[in-house]
Structure formats: structure tokens, C-alpha cells
Amino acid sequence: MEKTLAIIKPDAVQKGLIGEIISCWEKAGFKILAAKMVQFTRTQAEEFYQVHKGKPFFENLLNFMIAGPCMALVLGSEGAIQRNRKLLGNTNPALAEEGSLRRRFGTEGTANAVHGSDSPENARWEIHYMFTAFEIIDYQHYLTDVFEKIDYQDH
Ligand code: IDP
Ligand code: MG
């Protein structure tokens, strides 16, 4: 199963949209393999978005990403990277497809509510940047029949 890194950005966290956005991912068939609240420092935001260094929107992006807490997640599904990109929609919420997360929950170019890795190479790098291996659930745990083995009569 493919893994992708997702971030619920500070604007969406601030608006109390964590639950609603996670619910969209679950309904779309993604497994939540990791999740935690994080507060980026400027240095970390610079590192995470290093590919955009020098671009006109870079400073705004850093200021936005350090403005409040984010939730970082690892999502798993077949073709998770491209499926999540499609669910996010266009980078600019105004141009994002009807029903996409950015169209529904974003406000403008920078404050677009959610992040998603854009390639297998970047997904690997971003997941490793945000999480230790110990924090990422093995998909097999979703498939075990452990719940059937619990004897509820004992309680
Ligand atoms: P992506 O998030 O759709 O992959 P990127 O080009 O990787 O888009 O840009 C990273 C982030 O930088 C975007 O999600 C958005 O927050 C911000 N950003 C990108 N392009 C612009 C822009 O033209 N104006 C303002 N902010 C931008
Ligand atoms: Mg990107």
C-alpha cells in the first residue's frame, strides 16, 4: 500500500476543521497510518519547503506555516499520492475543483488548508522528515482479526 504525507495546515486547524478533513480522507478510503499535532519552527518550515526557496510566495508560505499548529498525517491507500493530490484539488482554492478539499476548506493561494506529497520520492522524504518509523502504523494492523478474539464476556 502506498503512503503519502498530508498536513492539515494552520488555517484549517484554527478553523476547527481537523475532524471534518480527516473524515473526508477516511470516506475516500485512506487509512490513517500516523497523525500528530506539530508546530513548525521557521527553520523546519524552511527545510520542509526548501524546493520553493527563492520563489515569490516563499516568505508568505513560511509565515503562514509557523503561524499556528498543524496536523501531520501519513495516509495509506493504493495510489495514495495521486489520489490525495486529486482530492486536494488545485493549489489555489479559487481554482480548485468543486468538492475538493482546498475548494471546500481553503481561502486563497497560501492558506489552502491542506498539503499532500506530489511524488513517491517527495512522499518518502516528507514522511521521514515528520515521523519516525515507530510512529507509522503497519497496514497489517488494520487487517488483523484481533477484535474477534477479544472475549467481551470478561468485562
Ligand atoms: P502544492 O501544495 O499544491 O503542491 P506547491 O507549488 O508545492 O503547491 O506550493 C507549496 C505551497 O506554497 C502551496 O500549497 C501554497 O500554500 C503556497 N503557494 C504555492 N503557490 C503559491 C502562489 O502562487 N501564491 C501563494 N502561495 C502559493
Ligand atoms: Mg508541493
Side-chain angles (χ1 to χ4, degrees), residues 1-139 142:
M1 187 179 52
E2 191 172 76
K3 296 185 185 76
T4 189
L5 185 90
I7 299 177
I8 303 175
K9 295 186 181 184
D11 57 330
V13 172
Q14 178 78 33
K15 289 180 193 160
L17 294 170
I18 291 175
E20 211 170 330
I21 293 174
I22 290 180
S23 179
C24 293
W25 279 318
E26 288 188 321
K27 282 178 189 147
F30 290 95
K31 300 295 182 198
I32 310 298
L33 302 180
K36 64 180 173 188
M37 297 301 295
V38 292
Q39 169 73 59
F40 275 100
T41 65
R42 196 171 187 85
T43 308
Q44 286 165 336
E46 252 171 33
E47 240 168 14
F48 186 80
Y49 279 116
Q50 57 187 263
V51 294
H52 297 304
K53 201 168 178 155
K55 293 188 185 165
F57 59 82
F58 190 61
E59 276 303 309
N60 267 347
L61 176 60
L62 296 187
N63 289 334
F64 165 64
M65 290 302 290
I66 67 173
C70 295
M71 180 176 256
L73 304 96
V74 177
L75 305 177
S77 80
E78 292 307 316
I81 297 167
Q82 285 317 311
R83 285 191 59 229
N84 188 42
R85 291 293 295 188
K86 191 162 163 41
L87 188 60
L88 299 191
N90 191 288
T91 303
N92 184 339
L95 304 176
E97 301 66 16
E98 200 63 51
S100 64
L101 296 183
R102 282 168 166 172
R103 178 66 169 263
R104 291 176 64 191
F105 304 119
T107 44
E108 50 84 30
T110 304
N112 58 5
V114 272
H115 167 86
S117 311
D118 64 0
S119 69
E121 189 194 4
N122 288 341
R124 258 194 308 278
W125 187 89
E126 291 175 3
I127 288 169
H128 182 68
Y129 187 81
M130 301 296 293
F131 292 96
T132 65
F134 182 68
E135 293 175 306
I136 303 169
I137 300 304
D138 184 329
Y139 179 61
Y142 275 99

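Whatever order the structure lists ligands and atoms in, that order sets their numbers, starting from 1.
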May I have the list of side-chain donor-acceptor pairs in residues 28-42 shorter than 3.5 Å, sequence neighbours left out?
unit_1	atom_1	unit_2	atom_2	d
Lys36	NZ	Met130	O	2.6
Lys36	NZ	Glu135	OE1	3.2
Lys36	NZ	Glu135	OE2	3.4
Gln39	NE2	Ile66	O	3.0
Thr41	OG1	Gln44	N	3.1
Thr41	OG1	Gln44	OE1	3.3
Arg42	NH1	Asn63	OD1	2.9
Arg42	NH2	Glu59	OE1	2.6

**OP:** Please work out whether the ring planes of Tyr49 and His115 are parallel, tilted or perpendicular, with thresholds of 30° and 60°.
**Re:** perpendicular
**OP:** List, ordered by chain and residue number, the protein residues whose closest non-hydrogen atom lies under 4.0 Å from any atom of ligand 1.
**Re:** Lys9, Tyr49, His52, Phe57, Leu61, Arg85, Thr91, Arg102, Gly109, Thr110, Asn112
Could you go through residues 51-58 and list every donor-acceptor pair under 3.5 Å that involves a side-chain atom there, pairing it with any protein atom two or more places apart or in another chain?
unit_1	atom_1	unit_2	atom_2	d
His52	ND1	Lys55	NZ	2.9

Original post:
In Å, rounded to the nearest 0.5 Å, how long is the span from CG of Leu17 to CD1 of Ile8?
Top reply: 8.5 Å
Original post:
What pairs meet the side chain to side chain donor-acceptor pair (under 3.5 Å) rule with one or both residues in residues 83-94, with sequence neighbours excluded?
Top reply: Trp25-Asn84, Ser77-Arg83
Original post:
Quick one: do Glu97 and Arg103 make a salt bridge, cutoff under 4.0 Å?
Top reply: no
